[in-house]
2 protein chains.
Amino acid sequence: MLSYSEENHLKAIFHLSLNNESGVSTNSIASKMNSKAPSVTEMLKKLSEKNLVVYKKYQGVLLTDFGRKTALSVIRKHRLWEVFLVKKLNFKWDEVHDIAEQLEHIKSEKLTNELDKFLDYPTHDPHGDPIPNPAGFIKYTAKLVLSDLLIGETGKFFGVKDSSSSFLKYLDKREISLGSNIKVLHKEEFDESIQIGLDDTNLSISVKSAANIYVTKL
Amino acid sequence: MLSYSEENHLKAIFHLSLNNESGVSTNSIASKMNSKAPSVTEMLKKLSEKNLVVYKKYQGVLLTDFGRKTALSVIRKHRLWEVFLVKKLNFKWDEVHDIAEQLEHIKSEKLTNELDKFLDYPTHDPHGDPIPNPAGFIKYTAKLVLSDLLIGETGKFFGVKDSSSSFLKYLDKREISLGSNIKVLHKEEFDESIQIGLDDTNLSISVKSAANIYVTKL
DNA sequence: AAATTAATTTAGTCTTGCCTAAAAAATATA
DNA sequence: TATATTTTTTAGGCAAGACTAAATTAATTT
Ligand SMILES: [Mn+2]
Ligand SMILES: [Mn+2]
Ligand SMILES: [Mn+2]
Ligand SMILES: [Mn+2]
């Protein structure tokens with residue numbers, strides 16, 4: 001039985017290893033966990049002891065298959081609960097993350113699977129992130145970002161990179177929501193802002209925003 | 001922000017003080033919590049410090065208004081989640097308690113109240129226990145037990161005293177379920193067993209079982 | 001290649017929540 | 001009322017999970 005802290009460390013290592021194939025550094029884990037390096041080192045020893053990670057001093061760390069599966073089970077719960085909160089309990093997509101951080105640690109396989117069924121087997125959470133299946137399989141979509149599109153191209157908005165509450169609210173205000181088709185109309189040379197077409201309205205967004213919007217090219 | 005252990009102690013004290021008006025003993029708390037007396041003493045000092053209980057050495061302990069409200073908020077969550085598990089996720093009434101023990105500690109008032117709404121403001125949990133309202137008000141029903149009924153009287157089954165999994169399964173097997181009307185047909189002198197009528201079937205149950213079945217006399 | 005800087009680990013400490021064993025207080029019994 | 005028993009508290013310790021400061025190793029610069 002893993003502790004919350006062990007589960008959270010596994011999750012952090014999982015997310016970091018998506019960008020860092022070779023090995024995740026102690027400091028990067030500490031910064032993601034809002035903790036300090038010595039706390040991480042200590043945890044890595046424990047996780048290694050339990051065969052959840054492969055760790056050698058000063059060498060960075062990687063998940064074992066078992067560790068990866070465990071991390072994905074926590075992520076599965078996190079995302080299913082987020083769907084539940086939005087779809088069934090009227091939460092906004094910017095309000096669910098912190099509560100899901102608590103709910104992801106509830107231990108009951110039956111609960112997770114019944115919740116999955118109750119939600120009609122959702123494939124993605126409210127921010128467009130894919131939900132792992134019970135076996136720990138996760139289906140990734142190629143990650144193209146709105147700012148990658150050329151002028152004249154159209155993309156379908158399928159997820160956000162940064163799902164901070166402020167960015168999500170920003171999108172809400174502009175009525176840019178998951179599933180929208182976004183056409184790149186113009187790119188301003190001066191400040192790199194991008195004019196986009198959304199249904200019948202046109203608006204201008206910053207590159208920074210555009211770089212946080214995942215799209216599939218249409 | 002209270003810890004799980006603090007919340008669980010408050011819950012234990014609340015339940016124990018229903019029978020013990022005057023003050024709850026250290027040992028009784030320890031036994032309900034499956035812990036030892038010194039752990040309880042230490043916790044009582046902390047809860048007292050936080051104005052959740054009134055505690056004087058060797059004098060037993062009682063909840064303050066604040067402590068009582070806090071305990072009831074945890075109990076409210078516990079029972080709402082139990083309703084959710086049974087009504088929405090196909091759990092049996094004997095499977096929900098342990099999961100609710102985890103879920104009762106999730107911190108979000110909005111979550112609790114949205115869940116309440118989603119479940120259509122249930123008044124009782126799957127075992128017939130009343131659900132406190134958001135203000136911490138709880139509506140008790142006079143607790144008459146099946147074995148209190150006289151021969152010829154009929155009672156409506158509204159709750160169980162002992163909600164251990166084994167007793168709940170026992171009731172399931174005999175198809176004695178919440179809401180049933182139960183008529184006392186006969187009491188055997190020899191072993192005190194009770195013959196009851198349920199819909200069209202008759203069956204015999206022990207006094208021990210009958211003493212765990214709450215009824216309202218019809 | 002040496003020196004400097006950065007990253008990581010070790011050493012030692014603190015808090016929470018639990019425990020056992022011993023002491024003290026309250027209660028029951030002779 | 002004195003003694004024995006039970007209950008509760010105190011004393012002291014342990015594990016988990018965090019931290020700071022110091023030491024060590026690795027990486028970068030000169
Ligand atoms: Mn999230
Ligand atoms: Mn978490
Ligand atoms: Mn319960
Ligand atoms: Mn609990």
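Here is how names work: the chains are called A, B, and so on, in the same order as the sequence lines, proteins then strands, and each is numbered from 1. Computed over heavy atoms, backbone and side chain alike; hydrogens, waters and symmetry mates excluded. Note that the structure is a prediction, hence the values are computed from the model and not measured.
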When the nearest nucleotide of DNA chain D is assigned to S35(A) and to A37(B) on a heavy-atom basis, which residue is associated with the more 5' position? A37(B)
Would you tell me if any nitrogen or oxygen in the side chain of [X] comes within less than 4.0 Å of OP1 or OP2 on [N]?
X      : N       : result
S5(A)  : dA18(D) : yes
Y55(B) : dT8(D)  : no
K45(B) : dT9(D)  : no

Any side-chain donor paired with an acceptor under 3.5 Å for S31(A) and S28(A)? no
Closest to the K36(B) side chain: dC19(C), dT9(D), dT9(C)?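 Closest nucleotide to the K36(B) side chain: dC19(C).
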dC19(C), dA18(D), dT9(C): which one has an atom nearest the side-chain heavy atoms of S39(A)? dA18(D)
Interatomic distance, [X] [atom1] vs [N] [atom2] [rounded to whole Å]:
X      : N       : atom1 : atom2 : value
E7(A)  : dA16(D) : CD    : P     : 16 Å
E42(B) : dC19(C) : CD    : C1'   : 10 Å
E49(B) : dT16(C) : CD    : P     : 12 Å
L2(B)  : dT16(C) : CG    : C1'   : 14 Å
M33(B) : dT16(C) : CE    : P     : 17 Å
N8(A)  : dA18(D) : CG    : P     : 9 Å
N34(B) : dC19(C) : CG    : C1'   : 14 Å

For DNA chain C, determine which residues of residues 9-31 of chain B have any heavy atom closer than 4.0 angstrom to one of its atoms, and list them numerically.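 Within this stretch, H9(B) sit under 4.0 Å of the strand.
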By ring pair (Phe, Tyr, Trp, His ring centres under 6.0 Å), which residues pair with [X], not counting sequence neighbours?
X       : result
H9(A)   : none
F84(B)  : F84(A), W81(B)
H124(B) : none

For the pair H97(A) and H127(A), evaluate side-chain hydrogen bond (donor to acceptor under 3.5 Å, both in side chains) and give the outcome as yes or no after the intermediate values. CA-CA 10 Å; H97(A) 183 76; H127(A) 315 105; 6.0 Å; no
Mark yes or no: [X] above the aromatic ring of [Y], with NZ or CZ under 6.0 Å from the six-membered ring centre and no more than 45 degrees from the axis.
X       : Y       : result
K161(A) : F167(A) : no
K143(A) : Y214(A) : yes
K110(A) : F91(B)  : yes

Quick one: list whatever passes salt bridge (charged side-chain N to carboxylate O under 4.0 Å, His left out) with K87(B), sequence neighbours left out. none
Can you check nucleotides 22-29 of chain C for protein contacts, nitrogen or oxygen pairs under 3.5 Å, and list what you find?
from    : atom 1 : to     : atom 2 : distance (Å)
dA25(C) : O4'    : Y58(B) : OH     : 3.4

